[in-house]
Structures are given as structure tokens and as C-alpha cells.
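Here the structure is laid out as C-alpha cells; the discussion comes afterwards.
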Amino acid sequence: MIFTNLIQTNLKTSWVGKNIEYYSFTDSTNDDACELILNNEAEEGMIIITDYQKKGRGRRNNKWLSSPGENLTFSLILKKDVKKLPLLSILSGIAVVKGIKQFANIECNLKWPNDIMLNNKKIGGILIETKNMDTDSYVIIGIGLNVNQQEISQELVSIASSLRIENSNPIQREPLLAFILNEFEKLYNTNSEQWPILWKKYCNHLNKEITFHKDDTALTGYFINIDNHGNAIINTDSEQISVSTGILEIL
Ligand code: BTN
């Protein structure tokens with residue numbers, strides 16, 4: 001059970017999270033957000049949250065698995081701001097890492113573009129989708145964060161984890177979410193040119209050797225920066241290139 005009043009009492013925002021839709025279970029909060037937009041029931045800053053997401057979706061058509069009653073699975077609806085859109089993924093990752101640090105004093109970091117990492121294992125992910133309507137266009141920021149989950153399936157245990165597994169203490173999810181949303185709104189109001197600079201502070205593979213996998217190709221080089229569209233800048237033996245999609249492997 002998620003207590004939405006506990007989220008609200010910890011919020012210091014003026015528009016993010018002022019309206020929270022809670023479902024005890026649902027297929028996907030990103031799909032719910034999309035439906036609210038289609039029905040003209042969406043408001044900027046609205047949060048859709050569930051305690052049991054049954055068909056969570058991840059990036060690249062992956063599934064997002066989250067054990068019921070233990071984690072955070074939610075979506076935030078924004079109106080599309082064309083200038084900020086390319087960097088929203090970068091911004092969301094920073095907000096999650098900062099919120100966790102502020103509330104639970106745990107230092108997570110980021111793997112490009114926005115995987116939330118702790119002790120080199122993934123504990124959270126972000127799926128950003130857009131929905132264009134006749135009058136307004138919207139952005140849906142879906143965030144899954146493994147908070148109190150204590151068991152990870154055998155096939156994922158070497159690469160995935162949770163705050164609880166890495167830190168041993170249970171964490172109250174509602175104030176944690178409020179702290180993340182507080183950070184989100186604060187950052188959203190700053191100049192987006194600063195976001196890549198901040199993101200690099202939290203990146204766990206800056207200047208490290210990495211390989212990008214895309215379709216059947218692999219490209220190895222040093223991850224040296226992100227540009228102001230959130231693309232990865234890689235130095236290979238022969239050239240400097242910008243990468244917008246792909247799976248990053250840290251060597
Ligand atoms: C990833 O692949 O790393 C992104 C995972 C995003 C999962 C979240 S959970 C809440 C929202 N609803 C979904 O169906 N997916 C996102």
C-alpha cells in the first residue's frame with residue numbers, strides 16, 4: 001500500500017506531484033498516463049503510481065519487473081517543452097540520484113543515459129515517452145526504482161539489485177518519492193545547459209573504456225562526455241563520435 005498523503009506531506013514543490021493518481025495494481029503506469037492524456041484528464045506535474053505493476057515496460061522493448069509492495073513504479077506527466085525535451089532523460093536520472101542521497105544518504109550513480117546504479121548494479125531505470133494531442137504535446141517520464149525488494153531472479157542477480165539489498169535497511173517509499181520529485185522540480189527550473197555538467201558528476205564511467213552495442217555492431221572507445229542533447233561522446237582510436245542509442249558496456 002502506498003499512502004499518497006505521506007508523499008504529499010513531504011513535497012516542497014509548487015506543481016510536481018500536486019495531483020497523484022494511485023492504483024493498487026495496474027499493467028503499466030506509463031500506459032495509464034497515456035490514457036489520461038488521451039481522455040484529456042492529464043495535468044502537468046501529475047503522478048501515476050502503483051504498488052503492483054504487472055506489465056511494466058522498459059527501454060528497447062524490455063520488460064520492467066518489480067515485486068509488488070516493495071518498490072517505486074510511477075510516471076510523471078509534463079507538457080512538452082521542446083528545448084528541455086532532449087535532456088529530460090538526463091535530468092530525471094540526476095533527480096533520482098539526488099533524491100536518494102537527500103532522503104536515505106545513499107550515493108548512487110548513473111550509467112548512460114539514465115540507469116540508476118549502486119555498487120555497479122542497476123537499481124532503477126527510466127522510460128520517457130511522448131504523446132502528441134491536437135492542442136498540447138505531453139511527455140511521460142516513467143521511473144522504476146528497486147527500493148525494498150530483497151530477492152533478484154537468478155538470471156539478473158549479477159547485474160541488478162535494490163537499495164535494500166545493497167544497504168540492508170528498509171526505506172520508506174513515500175518520502176523517498178517526494179524527495180525525488182522535490183529534486184526534479186528544483187532542477188527543472190534551472191538552466192538546462194547545466195544538466196549535462198551535473199550529470200557527469202554522477203556518471204560511473206566517465207573517461208572509462210566502454211563498448212557500445214547496437215544491432216549487430218560493437219564500437220569500443222572512451223566515454224568522454226555528453227553533449228547538450230544527451231548524446232554520448234566517444235573517443236575511438238581514430239575519431240570522436242556522438243552516439244544517441246545503444247547498449248553501453250563498461251569494460
Ligand atoms: C529501463 O528499461 O531501464 C526503463 C524502465 C522503466 C520502468 C518504469 S516503471 C514505471 C513506468 N511504467 C512502465 O511501464 N515503465 C516505467
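Whatever order the structure lists ligands and atoms in, that order sets their numbers, starting from 1. As the structure is a prediction and not an experimental result, all values here were calculated from the model.
The heavy atom nearest to atom 12 (N) of ligand 1, considering only Lys111, Glu129, Arg57, Gln53, is found in Gln53.
Here the side chain of Asp51 pairs a donor or acceptor atom with the backbone of Met1 at under 3.5 angstrom. Of the possible donor and acceptor atoms, none in the side chain of Lys12 sits under 3.5 Å from a partner among the backbone N and O of Glu183. A distance-only check finds a donor-acceptor pair linking the side chain of Ser162 to the backbone of Gln149 [under 3.5 Å].
Between Phe212 and Phe223, the angle of the ring planes stays under 30°, which puts this pair in the parallel group of the 30/60° scheme.
Listed by number with element, the atoms of ligand 1 under 4.0 Å from a non-hydrogen atom of Gly58 are 1 (C), 2 (O), 4 (C), 5 (C). Using a 4.0 Å cut-off to heavy atoms of Trp64, the atoms of ligand 1 that qualify are 3 (O), 5 (C), 7 (C), 9 (S). Of all atoms in ligand 1, listed by their number and element, those nearer than 4.0 Å to a heavy atom of Gly56 are 14 (O).
At a cut-off of 3.5 Å, with distance as the only test, a side-chain donor of Ser161 or Glu166 sits close to an acceptor on the other residue.
The closest approach between any non-hydrogen atom of Arg60 and ligand 1 is not below 4.0 Å. Within the structure, the closest approach of Asn62 to ligand 1 does not fall below 4.0 Å when heavy atoms are considered.
Considering Leu36, Asn132, Leu78, Ile77 as possible partners of Tyr138, the one that fulfils the side-chain contact (heavy atoms from CB on, under 4.5 Å) test is Ile77.
Of all protein heavy atoms, the one lying nearest to atom 4 (C) of ligand 1 is Ile126 N, 3.4 Å. Among all protein heavy atoms, the one lying closest to atom 3 (O) of ligand 1 is Lys122 NZ, 2.6 Å. Regarding atom 10 (C) of ligand 1, its nearest protein heavy-atom neighbour is Thr29 OG1, 3.3 Å. Shortest contact from atom 2 (O) of ligand 1 to any protein heavy atom: Arg59 N, 2.7 Å.
At least one side-chain heavy atom of Leu198 sits less than 4.5 Å from a side-chain heavy atom of Leu187.
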